[in-house]
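All values below come from the heavy atoms of this structure, side chains included, with hydrogens, waters and symmetry mates left out. Residue numbers run from 1 in the order of the sequence given.
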Amino acid sequence: MNLTPMKPLYPAQTLIPTSKTINSVKLEQPHDIIGQSLEKTIDKLESHNLSSSLSPSTSMKSNKLGKRWMEYQGVNNWEGLLDPLDNNLRAEILRYGQFVEAAYKSFEFDPSSPSYASCKFPKTTLLDMCGFPNTGYKVTKNLHATSGIQLPSWMNKAPTWVSTQSSYIGYVAVCENKEEIKRLGRRDIVIAYRGTATCLEWLENLRATLTHLPMPCKRWRNFHKNLTAPPMVESGFLSLYISPCSYKNSMMSLQQLVRREIGHILQTYANEPLSLTVTGHSLGAALAALTAYDLNAVFVRLPINTVISFGGPRVGNRRFRQHLEKQGIKVLRIVNSDDFVTKVPGFVFHDDGHVVRNQSVHVEVVQSWIRKMMEKEEFLYAEVGEELRLCSRDSPYLRNIDVATCHELNTYLHLVDGFISSKCPFRATAKRFLS
């Protein structure tokens with residue numbers, strides 16, 4: 001049997017009309033008179049910040065955030081900012097999306113290359129080489145993840161793309177530009193993760209059973225001492241996070257790499273206002289949630305800790321979600337209703353364990369029984385954080401709404417760029433990110 005490498009979900013393969021064609025396209029979904037008026041007004045107001053003629057690094061920047069920066073980092077759970085979508089929040093989401101995009105662009109996808117699954121660019125020029133020269137951030141550490149799946153010895157003869165266990169997964173970056181720090185209202189630390197790319201990462205995604213989180217330090221054990229049962233997370237995601245890395249003879253796991261780098265950065269900038277933003281797409285979104293959880297449990301005085309998740313799968317059970325909330329971690333999940341990945345793994349029940357009103361007692365008993373069985377089978381997951389729900393079908397520019405297109409990062413950025421509100425879902429001028 002001939003093995004061929006799997007095609008990555010990024011970059012997007014969707015083709016769109018030329019700009020002249022786009023300008024003549026009308027929204028497929030009718031809007032009422034109020035919706036049309038609102039859309040025109042918002043388009044005019046956004047013409048400066050969201051013009052497609054601007055470069056990505058310029059057009060994705062919000063206005064000066066100043067004293068409101070904590071609101072945009074989720075300190076109030078983005079109350080009043082999601083529907084309708086606040087323009088500054090939109091720009092911040094797109095800005096963090098470009099950091100995830102850089103993690104993809106810097107990954108060596110070519111299986112014939114001797115540097116397959118490594119980072120293509122040096123840290124000093126990574127963001128520049130990826131097309132984002134004016135972010136104001138400096139990459140301080142490349143990150144690698146390792147699959148914990150034990151391969152049989154005969155797999156050593158398999159192609160590199162099949163047997164590669166450790167791979168470049170993302171990076172840590174710190175805002176260094178004084179003007180950008182002033183605009184943001186603080187110095188921001190970013191951890192950005194790409195999505196699934198290697199064969200073993202795909203296999204880890206399929207290990208959907210929940211497993212208990214390890215408790216490696218006394219503070220973490222004290223944090224969970226009152227639990228009847230500790231939090232549980234997806235086995236494959238945890239494996240990628242804690243398995244020792246074999247990259248360049250290093251035995252450090254992704255967890256250890258992140259802890260060491262963040263510890264160093266926190267010490268360096270201890271006297272400044274800081275924020276920590278962990279962002280990722282797909283598998284990277286799952287790792288972002290684990291990373292935020294882990295760092296909050298380990299560091300006593302961690303700055304405001306925010307997760308920006310693009311197209312992420314479910315990560316853990318209800319207790320995992322409860323303790324994310326207890327730690328004060330803010331999670332914003334950007335979800336495409338047409339994206340299958342956001343609906344897996346496992347099953348989700350109501351928070352209180354009960355069915356919706358007006359259903360029979362018999363149905364409630366059956367659901368309760370199913371819930372207990374699912375907990376025993378370790379497949380009962382819970383959604384985390386706040387949700388910004390989008391839909392591929394709202395965009396008049398997406399020609400092929402297939403499984404791959406609905407999950408691509410470019411699709412998510414396009415939908416964020418176009419979303420107005422649940423009543424007026426898409427700006428007619430939103431046409432970026434699909435080239």
Answer yes if the side chains of Tyr241 and Asp294 hold a donor-acceptor pair under 3.5 Å, and no otherwise.
-> yes
Do Glu261 and Thr140 have side-chain N/O donor and acceptor atoms under 3.5 Å apart?
-> yes
Under 3.5 Å, is there a donor-acceptor pair linking the side chains of Arg321 and Tyr381?
-> no
Check whether any side-chain heavy atom of Phe121 sits under 4.5 Å from a side-chain heavy atom of Leu127, and report yes or no.
-> no
Sole candidate of Asn88, Asp86, Leu332 that passes side chain to side chain contact (heavy atoms under 4.5 Å, CB included) when paired with Ile93 = Leu332
Say whether, by atom type as modelled, one donor and one acceptor occur between the side chain of Glu201 and the main chain of Ala197 under 3.5 angstrom.
-> yes
Within-4.5 Å side-chain heavy-atom neighbours: Ser275 and Leu184 | no
Tyr96 and Thr277: side-chain donor and acceptor closer than 3.5 Å?
-> yes
Considering all heavy atoms of both residues, which atom of Phe426 and which atom of His414 are nearest to each other, and what is their separation?
-> CZ-NE2, 3.4 Å
Modelled atom types, side-chain donor and acceptor of Ser115 and Ser113, under 3.5 Å = yes
Classify the side-chain pair Thr209/Ser235 by whether it contains a donor and acceptor separated by less than 3.5 Å.
-> yes
Pair Asp417 + Arg90: basic N to acidic O under 4.0 Å | no
Indicate whether any N or O donor in one side chain lies under 3.5 Å from an N or O acceptor in the other, for Thr164 and Tyr116.
-> no
Are any side-chain N or O atoms of His281 and backbone N or O atoms of His407, one a donor and one an acceptor, separated by less than 3.5 Å?
-> yes
Minimum side-chain heavy-atom gap Phe107-Thr198 below 4.5 Å | yes
Do the side-chain N and O atoms of Gln165 and Ser147 include a donor-acceptor pair separated by under 3.5 angstrom?
-> no
Would you find more than 12 non-hydrogen atoms of other residues, nucleotides or ligands less than 6.0 Å from Lys141 atom NZ?
-> no
Stepwise side-chain contact (heavy atoms from CB on, under 4.5 Å) check, Ile304 with Val75 = CA-CA 8 Å; Ile304 185 169; Val75 68; 4.1 Å; yes
Hey, are Arg333 and Glu383 close enough for a salt bridge, meaning a charged N less than 4.0 Å from a carboxylate O?
-> yes
Report the C-alpha distance between Asn177 and Tyr137 in whole Å, list the side-chain angles of each, state the deciding distance to 0.1 Å, and finish with yes or no for side-chain hydrogen bond (donor to acceptor under 3.5 Å, both in side chains).
-> CA-CA 7 Å; Asn177 182 275; Tyr137 286 69; over 6 Å; no
After noting the C-alpha distance and the side-chain angles of Tyr293 and His323, does the key distance pass the side-chain contact (heavy atoms from CB on, under 4.5 Å) rule?
-> CA-CA 8 Å; Tyr293 184 94; His323 283 270; 4.0 Å; yes
Side-chain H-bond candidate by donor/acceptor type, Ser167 with His144, under 3.5 Å = no
Are the ring centres of Phe132 and Phe99 closer than 6.0 Å?
-> no
Glu272 atom CD: more than 12 heavy-atom contacts under 6.0 Å | yes
Is there side-chain contact between Ser395 and Leu415, with at least one heavy-atom pair below 4.5 Å?
-> yes
Glu387 side chain near Ile334 side chain, heavy-atom distance below 4.5 Å | no
With sequence neighbours excluded, what pairs up with Leu302 under the side-chain contact (heavy atoms from CB on, under 4.5 Å) test?
-> Ile262, Leu266, Leu276, Leu295, Asn296, Phe299, Asn305
Closest non-hydrogen contact found for Trp69 with Leu274 is CH2-O, 3.7 Å
Locate the shortest heavy-atom distance separating Leu210 from Leu380; write the atom from each residue and the value.
-> CD1-O, 3.2 Å
Are the side chain of Ser392 and the backbone N or O of Asp338 linked by a donor-acceptor pair below 3.5 Å?
-> no
Distance-only polar pair, side chains of Glu108 and Ser118, donor-acceptor under 3.5 Å | no
Determine the minimum heavy-atom distance between Leu200 and Val162, stating which atoms define it.
-> CG-O, 3.9 Å
Under 3.5 Å, is there a donor-acceptor pair linking the side chains of Ser282 and Tyr193?
-> no
Evaluation steps, side-chain hydrogen bond (donor to acceptor under 3.5 Å, both in side chains), between Asp402 and Thr405 | CA-CA 5 Å; Asp402 53 34; Thr405 301; 2.7 Å; yes
Taking the six-membered ring of Tyr104, is NZ or CZ of Arg194 closer than 6.0 Å to its centre and within 45° of its axis?
-> no
Under 3.5 Å, is there a donor-acceptor pair between the Asn142 and Lys123 side chains?
-> no
Donor-acceptor pair between Thr146 and Ser243 side chains, under 3.5 angstrom | no
